[in-house]
Amino acid sequence: YKRTVEIDLPSAMEDAGMAQFVTSTGLEINVKERVHAHISRERYPAAVQWLDEHGHSGLVKRTVIVAFNRDASNEAADVLAYARNGGFDAKQEYKVEPATLKKFVREKLERGEEVPVELFGVHRFKVAELG
């Protein structure tokens with residue numbers, strides 16, 4: 001199924017110069033472009049930096065993780081600054097939600113704007129859909 005709707009039908013329709021067709025029973029087949037994007041662990045720092053530098057830092061969700069000993073439950077409720085000042089091992093992680101990245105990349109590409117396709121692991125493909 002995946003090969004048919006992502007490769008065989010879009011390719012055959014493109015070769016025939018068709019973006020859509022309707023069967024004799026009224027079933028509509030349309031070829032539309034889809035975009036997937038994924039940032040690998042190795043590319044995360046560079047991708048987050050690019051988003052920050054290009055005014056898209058709102059896509060990046062920051063999580064603060066503080067490691068406490070079992071008996072330090074009261075301190076765990078304090079803010080990150082308190083944890084760092086108190087000598088705890090505090091880490092910050094970054095995460096861009098996959099669906100948010102996909103939407104961001106798709107919208108930029110639809111507007112003809114450039115995005116670092118390798119950095120964001122962009123894969124553009126066509127898919128045949130029933131209308």
Side-chain angles (χ1 to χ4, degrees):
Y1 174 80
K2 185 174 175 66
R3 179 183 166 86
T4 299
V5 300
E6 291 183 8
I7 298 171
D8 297 339
L9 269 174
S11 179
M13 289 173 66
E14 189 173 311
D15 289 347
M18 300 170 66
Q20 80 171 143
F21 72 89
V22 180
T23 68
S24 60
T25 61
L27 183 65
E28 230 178 81
I29 307 291
N30 298 291
V31 174
K32 297 181 179 179
E33 183 176 66
R34 294 286 184 253
V35 174
H36 284 262
H38 168 75
I39 304 170
S40 70
R41 192 174 249 342
E42 303 83 46
R43 295 189 312 248
Y44 240 88
V48 168
Q49 181 178 349
W50 187 93
L51 289 167
D52 285 342
E53 290 172 355
H54 289 84
H56 303 291
S57 59
L59 295 175
V60 181
K61 305 300 178 223
R62 288 164 172 82
T63 304
V64 176
I65 300 169
V66 181
F68 291 94
N69 290 334
R70 184 170 235 234
D71 61 348
S73 60
N74 291 337
E75 289 86 352
D78 292 334
V79 295
L80 177 61
Y82 177 83
R84 287 183 175 163
N85 290 337
F88 293 100
D89 181 20
K91 295 181 178 103
Q92 180 172 258
E93 293 182 353
Y94 300 98
K95 181 174 185 176
V96 178
E97 293 294 336
T100 303
L101 177 66
K102 179 179 170 180
K103 180 181 179 198
F104 167 75
V105 170
R106 185 184 71 245
E107 288 174 352
K108 294 287 261 182
L109 293 174
E110 285 172 355
R111 290 192 300 264
E113 298 176 23
E114 290 195 26
V115 294
V117 293
E118 187 173 320
L119 187 62
F120 293 147
V122 175
H123 170 65
R124 296 177 85 170
F125 60 98
K126 296 192 179 189
V127 60
E129 292 182 343
L130 297 177

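Values below: every heavy atom of this structure, side chains too, minus hydrogens, waters and symmetry copies.
Inter-residue side-chain proximity for Val96 and Phe104 is flagged as unmet; no heavy-atom pair is nearer than 4.5 Å. The shortest side-chain heavy-atom distance between Val35 and Phe120 does not fall under the 4.5 Å cut-off. Taking the side chain as every heavy atom from C-beta outward, His56 and Trp50 approach each other to under 4.5 Å. Taking 4.5 Å as the limit, some side-chain heavy atom of Asp8 sits within range of a side-chain heavy atom of Arg3. Here the side chains of Ile29 and Leu130 are in contact, with some heavy-atom distance below 4.5 Å. Residues Leu109 and Val115 meet the side-chain proximity criterion, which asks for heavy atoms closer than 4.5 Å.
Residues Val127 and Val31 fall into different hydrophobic clusters, defined by Ile, Leu, Val, Met, Phe, Trp and Tyr side chains chained together at heavy-atom separations under 4.5 Å. The cluster map of Ile, Leu, Val, Met, Phe, Trp and Tyr, joined by side-chain heavy atoms under 4.5 Å apart, puts Val117 and Leu101 in the same cluster. Taken together through direct or relayed side-chain contacts under 4.5 Å among Ile, Leu, Val, Met, Phe, Trp and Tyr, Val5 and Leu27 form parts of separate hydrophobic clusters.
Contact record, Thr4 with Pro10: O-CD, 3.7 Å, taken as the closest heavy-atom pair.
Other residues, nucleotides and ligands contribute more than 12 heavy atoms inside 6.0 Å of the CD atom of Glu53. More than 12 heavy atoms of other shown residues, nucleotides or ligands fall within 6.0 angstrom of atom CD in Glu113. Around NZ of Lys126, the count of heavy atoms belonging to other residues, nucleotides or ligands within 6.0 Å does not exceed 12.
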Inset, instruction - Determine, step by step, whether Ile7 and Phe125 satisfy the side-chain contact (heavy atoms from CB on, under 4.5 Å) criterion, reporting the C-alpha distance in whole Å, the side-chain angles of both residues, the deciding distance to 0.1 Å, and the verdict. - result: CA-CA 8 Å; Ile7 298 171; Phe125 60 98; over 6 Å; no
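Using a 4.0 Å cut-off between a side-chain N of Lys or Arg and a carboxylate O of Asp or Glu, Glu97 and Lys61 do not qualify as a salt bridge.
In this structure, Glu107 CD and Lys102 NZ are separated by 12.0 Å, a value rounded to the nearest 0.5 Å. Atom CG of Leu59 and atom NE2 of His54 lie 13.0 Å apart (nearest 0.5 Å).
Put simply, the side chain of Arg43 gets close to the backbone of His38: a donor and an acceptor are under 3.5 Å apart.
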